[in-house]
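First comes the structure, then the notes that go with it.
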2 protein chains.
Amino acid sequence: MAKADTKERILEVTAELFQRYGYNGSGLKQIVTNANATFGSVYHFFPGGKQQLGVEVLRRSGQMYLELAETIVGGASDVATGVRHFFLGAAEVLRQTGYLDACPIETVALEVASTNEALRQATADVFESWITGIGALFTAAGIGEEKARDLAIVVITAIEGAFVLSRAARTTEALERAGTYAAAIVQAALDGIEP
Amino acid sequence: MAKADTKERILEVTAELFQRYGYNGSGLKQIVTNANATFGSVYHFFPGGKQQLGVEVLRRSGQMYLELAETIVGGASDVATGVRHFFLGAAEVLRQTGYLDACPIETVALEVASTNEALRQATADVFESWITGIGALFTAAGIGEEKARDLAIVVITAIEGAFVLSRAARTTEALERAGTYAAAIVQAALDGIEP
DNA sequence: CGCCCACTAGATAGAACGATCTAGTGCCGA
DNA sequence: TCGGCACTAGATCGTTCTATCTAGTGGGCG
């Protein structure tokens, strides 16, 4: 067990720490301790240091979270219901983890937006991949491409914003309300109503 | 000029740094330098250290931002138009500051949500005051109290989420799209349509 | 005038930060 | 069997962090 892929353990632990405490709040020392690794290992696998580790973690977390979203949203009877399920599922995870686990890249995105171009670009790429991925689900449900992109942006902004309020208040109220309205907006688009 | 209220200068500078770089990203040294103050001054006015300074800055910024929102939203011909104006105004400010100035407390809120109870409570109080304040504008426009609160939550989550995407992408697209849909939701409530 | 206290000034402590370095371990193929 | 290389181990460097400390300065009030 101690030998099992050190690089993988570092990535997993860092992803968890970033999600909970952000980039500046996650020290290399804590990463090394939690991953049962050493400084040598970190700089062997990530010669670019903390920044390179950060970029790889963001990419990885971004892809995993998109896959989760696609599974839940695409797995429901219709996309509007799927969107609703995703918000409620996120609320449940947040509550069960003591309001620790929300979006895996949001905190980092805000922290580095104006201080680290490489990391900022990584977070921008992740959000764009989410917009494209969720938008594809909407077009597959019969919504026009341009409108599907707009809807995807609205749904993603809603959940990101709801995470902020819910984590601060330690309440799932924001996620529940935002989920209701996001689902309604998607339903209206399915019904062909213009915004 | 150097004598003019040192405490005020510290608060102003810290508010600006928090907004742009977050709590962990804003060092006391940088605060002291930018405010043309000294460590002694900071610990004289804020004996509780960085945490106390943070709490006061959050309260202050939260109140100022609410007043700005109330002015813009309440100053339009109707609240739906006001909401739209606020999103577009925020987009303009963001663009003009090189994607630096978004929400004054959002970054800090995410950073401290799981690490500092006093600061977390301060951010929660600010968000709650926003919900109450914006909700009051909606009830004044003829919307029922319960629905007004839900609408306020949705509008605030929308703008917070849009700030995340817009700062990361260095584009105002998210703010514009979220603003359009947020205004539409408020308009629907004014028209008496259920979500 | 002269004292007092709010405030300034900046050196310094002590811990944590990211990063680098030299040794050393152990597996794998020739 | 042995050489090489991927990887581990952890001491250490210089910096930065928050916080504290002593020594002052200066303006208003008795």
Here the distance between atom C1' of D/dC17 and atom OH of B/Tyr21, to the nearest Å, is 18 Å
Exercise for review: May I ask you to decide if A/Leu58's main-chain N or O and A/Ser61's side chain share a donor-acceptor pair within less than 3.5 Å?
Suggested key: no
Whole-Å distance, A/Lys50 NZ to C/dA19 P, equals 8 Å
Ranking D/dA19, D/dA6, C/dT20 by distance to the side chain of A/His44, first place goes to D/dA6
When rounded to whole Å, the CD to P distance for the pair B/Gln52 and D/dA19 reads 11 Å
(message) Regarding A/Gly40, tell me which of base, sugar-phosphate or nothing describes its non-hydrogen contacts under 4.0 Å with the strands shown.
(response) base
Between CD of A/Glu8 and C1' of D/dC7 the distance, given in whole Å, is 16 Å
Exercise for review: Look at atom CD of A/Gln96 and say whether more than 12 heavy atoms of other residues, nucleotides or ligands are closer to it than 6.0 Å.
Suggested key: yes
Margin query: Could you check whether any side-chain N or O of B/Ser26 sits under 3.5 Å from a backbone N or O of B/Leu17, counting only pairs where one atom can act as donor and the other as acceptor?
Written below: yes
From CZ of B/Phe46 across to P of D/dT18 the rounded distance in Å is 15 Å
Contacts of A/Phe39 and A/Gln30 projected onto DNA chain C by closest heavy atom; the upstream (5') one is A/Gln30
A/Tyr23 OH to C/dC17 C1', in whole Å, measures 12 Å
From the candidates C/dA9, C/dC17, C/dG18, the one with an atom nearest any side-chain atom of B/Thr38 is C/dA9
Open item on the list: Just N and O in the side chain of B/Tyr43: are any of them under 4.0 Å from OP1 or OP2 of D/dT20?
Closed with: no
B/Thr6 side chain near C/dT8 phosphate (N/O to OP1/OP2, under 4.0 Å): yes
Heavy-atom nearest nucleotide on DNA chain C taken for A/Leu28 and for B/Ala37; more 5' hit belongs to B/Ala37
Regarding B/Arg20 and B/Thr107, is there a side-chain donor-to-acceptor distance under 3.5 Å anywhere?
-> no
B/Asn36 CG to C/dT8 C1', in whole Å, measures 11 Å
Take atom CD of A/Glu92 as the centre, draw a 6.0 Å sphere, and report whether it contains more than 12 heavy atoms from other residues, nucleotides or ligands.
-> yes
Winner on side-chain proximity to B/Lys29, out of D/dC17, C/dC17, D/dA19, is D/dC17
Here the distance between atom C1' of C/dC17 and atom CG of B/Asn24, to the nearest Å, is 12 Å
Notebook entry, point to check: Which part of the nucleic acid, if any, lies within reach of A/Phe45 when heavy atoms closer than 4.0 Å are counted: base, sugar-phosphate only, or nothing?
Noted result: sugar-phosphate
